[in-house]
Amino acid sequence: MSETWIILGATSSMARAFSRQVAGEGARVLLAGRDIDDLKRAATDLSVRGAKSAEAVAFDARNPESFGAVISLAEKGEGMINAAVFVGSMPPQEDIDADPSLIDGTVIDSFTGPARFLQALAPIMEARGGGTVVGIASVAGDRGRIGNYVYGAAKAGFATYLSGLRNRLTSAGGHVVTVKPGFVDTAMTWGLPGMFLVASPDAVAASIMKAMKKQKNVIYTPFFWRYIMLIIRHIPEFIFKKMSI
Amino acid sequence: MRWNETEYAGWGRVQTAHGEIARPERVSSLEAILSEGSVPAMGKRRSYNDACLNSGGRAIDMTRLDRIISFDADKGVLEAEAGITIGSLARIFAPLGWLPKIMPGTGFATLGGAIAQDVHGKNHQVSGSFGQHVLSVTLLTSGKRVIATPSRNKALFKATMGGVGQTGVILSAKIQMKPCPGEMVMVTERRAEGWDEFLSMLDTSTATYSVGWIDTTARGDALGRGTLEEGELAAGNVLKHKGTLSVPINAPGFALSAPVVRAFNSAYYHKVPVKGRTSVKPLDEFFFPLDKIRNWNRLYGKRGFYQFQTVVPTAQAPALREMLKQIAGSSLFSPLAVLKRMGPGRAGHLSFPMEGYSLAVDIPNRRGAQALVSELERATVAAGGRIYLAKDALASGDAVKAMYPEQGEWAEIVNKADPEHALETDMTRRLNLRSTT
């Protein structure tokens, strides 16, 4: 297999679990993120776990000038170029209420930053005749709730973007998987109150691999979140607006 | 770093702690936490007791620091972060021709935990304990990184092997692995019809890996009957790993009541034919038989269980037989009981092993359990044996100090490394383990 996987936001635990899966299948892996020391450690780990090669590369969703180097490094590999997007940030809603300027960073991290990156990558994928994009959206993007509606709005934007990108890449032979995780046991959710039915990053990574193989378009993980969100999306707005869930 | 305030327990679930836990995913976040003062670390919490608990204080969950740092494929030398499990090491490296030299009874033990308890495996009589194959360990102690090896920072190194986490947070370690021909084990099982036969089978076994299952419900002439499993690494690959089962909820009290255990044990004993049998099993089925059932500790119900593990010198085998008799007469037995020949190998001051025989039994937390364990502990001291700090939940400090004559020397080294006693746990406090008198 001569595929390259770009992992954006590679220090996160979900990204680590996913990278180990693609490494196990012998892919070349580019770990893109801000903490280069940590990514170098992760790269060695992936090489031993079966990656054809693994490298750390600097990437900051808020600094589009960092994007070019990642893409040109990816282009050095032969074969398909794939990308998995794990970036995103979720400041507590009350912090945002106190300082609305935090909205900008949240939207860049969770939506516009990765979207700009993918927009630059798309023509290269088309030229190579396909490839896969895995985008981590969120169940929080399915409906705006009082607890995290800025993060939710950013993820909703990203999910819509992924839908459009899927539409574009399909004709070139590419595929886009939109992943909507429920609660995942990561540093982001560690110690937060109100967590239930929490999935492990390994379980999420395994379900993404399965979805890629089956060419699924949008998955909820764990699967039952599809039904939870089905219900939440169908609560009439005049009731929903009075609820606190 | 966010702290998660929660209730947590060791594997036996009798003792619990309430406190704050951080779970760093990067070395830099761990270092940031420890720059403000030492905090005891824990892995997958497979010690049965209070070894990893810090009631009212803080603790660090190391399980997300689980990366391989380097691997020398010619020499089989591996360095990894402390949170990686022995089971994942086996899964990753067996197909590459290498295996950790010491495989404990659960693959969920972490590298850091295996060092902190200086664990042993089914090849103890041949290959010694885990710490004897550690080439170096990187500790975060009082906010600084310290590397200790058998020749550099020697005293600290020895105190770290089996040192129940008291010399510093184990960040990573380098270990020597052994070559392995594949992912399989050739297993021979034979019956032992009674105690004397069992001991002679253990004594004459030449297998690399050997472990005895003992029927703790058998009395009279059958006392000490069981089956001996002997294994040798074998070639072959596992094409598809079997799935695991899980115990989703606490089982009711009768699930492991005396009649149930009696029936189970009899069936288990008779499953091995009189003439014995040989089969080829995947590594994890041989080394980690109980890992197939996730959360099996829930079978003991919400009150949990004690595990008692003792080792006595070879000449004291009759004392061990008396202990077994006591267990068989108590109705507090369980299906899980292991009899094993131990060699002399041990790496630290507080390492469990000694040359002789080891008996490990689960004891459900029912009426009389504490008294039974106390009896068994007294018998162990009288026989010049030891109990295992990864399992014991009830011993007193004096008894433990009698069993571990090097404890004072250990405490001096440890108290130098952690002068503020910030790394103490519920267990070290219970046993007053860090006192030098």
Side-chain angles (χ1 to χ4, degrees), chain A residues 9-21 23-26 29 31 33-51 54 56 86 89-92 95 183-206, chain B residues 1-6 8 19-33 44 58-61 63-73 76-85 87-89 91-98 111 138 171-172 177 241 243-244 246 248 294:
Chain A
T11 43
S12 83
S13 48
M14 237 191 290
R16 188 187 293 177
F18 179 77
S19 311
R20 285 175 175 173
Q21 293 270 355
E25 301 199 339
V29 189
L31 299 171
R34 283 176 298 170
D35 188 342
I36 286 293
D37 284 344
D38 187 73
L39 292 176
K40 281 183 179 161
R41 261 188 184 235
T44 312
D45 179 65
L46 294 179
S47 306
V48 180
R49 288 172 192 259
F86 291 93
S89 63
M90 185 176 74
D95 292 6
F183 296 135
V184 187
D185 190 11
T186 64
M188 205 195 243
T189 58
W190 178 255
L192 285 188
M195 291 287 129
F196 60 95
L197 299 171
V198 179
S200 73
D202 286 334
V204 170
Chain B
M1 175 55 60
R2 212 182 287 129
W3 292 85
N4 186 13
E5 192 180 332
T6 184
Y8 61 106
E20 288 184 319
I21 299 175
R23 191 185 59 192
E25 296 186 341
R26 306 179 207 182
V27 177
S28 55
S29 358
L30 175 65
E31 285 178 324
I33 295 167
K44 287 274 194 186
R58 290 179 153 181
I60 296 171
D61 178 327
T63 56
R64 290 286 163 97
L65 291 166
D66 65 346
R67 286 168 298 186
I68 294 156
I69 298 169
S70 68
F71 174 58
D72 181 334
V77 172
L78 161 83
E79 185 171 17
E81 292 174 344
I84 198 165
T85 63
S88 13
L89 291 180
R91 252 191 321 278
I92 297 165
F93 289 100
L96 305 175
W98 295 96
L111 176 60
T138 303
L171 175 60
S172 59
M177 298 208 280
H241 285 275
T244 54
S246 175
R294 277 179 296 132

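First the proteins, then the strands, lettered A, B, ... as listed; each starts at 1.
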query = When you measure from the side chain of R67(B) to the backbone N and O of D45(A), does any donor-acceptor pair fall under 3.5 Å?
reply = no
Under-4.0 Å salt bridge between R41(A) and E81(B) = yes
Which of L78(B), L96(B), I84(B), D66(B) touches chain A most, by non-hydrogen pairs under 4.5 Å = D66(B)
Student check: side-chain heavy atoms of S28(B) and D37(A) closer than 4.5 Å = no
note = Bottom line for A43(A): the part with an atom under 4.5 Å from chain B's heavy atoms is neither
query = Between W190(A) and P24(B), is there a donor-acceptor pair closer than 3.5 Å when you use the side chain of the first and the backbone of the second?
reply = no
query = Roughly how far apart are T186(A) OG1 and E25(B) CD, rounded to 0.5 Å?
reply = 6.5 Å
query = So do M195(A) and N4(B) actually touch side chain to side chain, heavy atoms under 4.5 Å?
reply = no
query = Say you draw a straight line from CD of E79(B) to OG1 of T44(A); how long is it, rounded to the nearest 0.5 Å?
reply = 10.5 Å
ask   = If you count heavy-atom pairs under 4.5 Å between each of V48(A), D185(A), L192(A) and chain B, which one has the most?
value = D185(A)
inquiry  = Minimum heavy-atom separation for A187(A) and R2(B), please, with both atom names.
reply    = O-NH1, 3.7 Å
request  = Taking the side chain as every heavy atom from C-beta outward, state whether R20(A) and I92(B) have any pair of such atoms under 4.5 Å apart.
outcome  = no
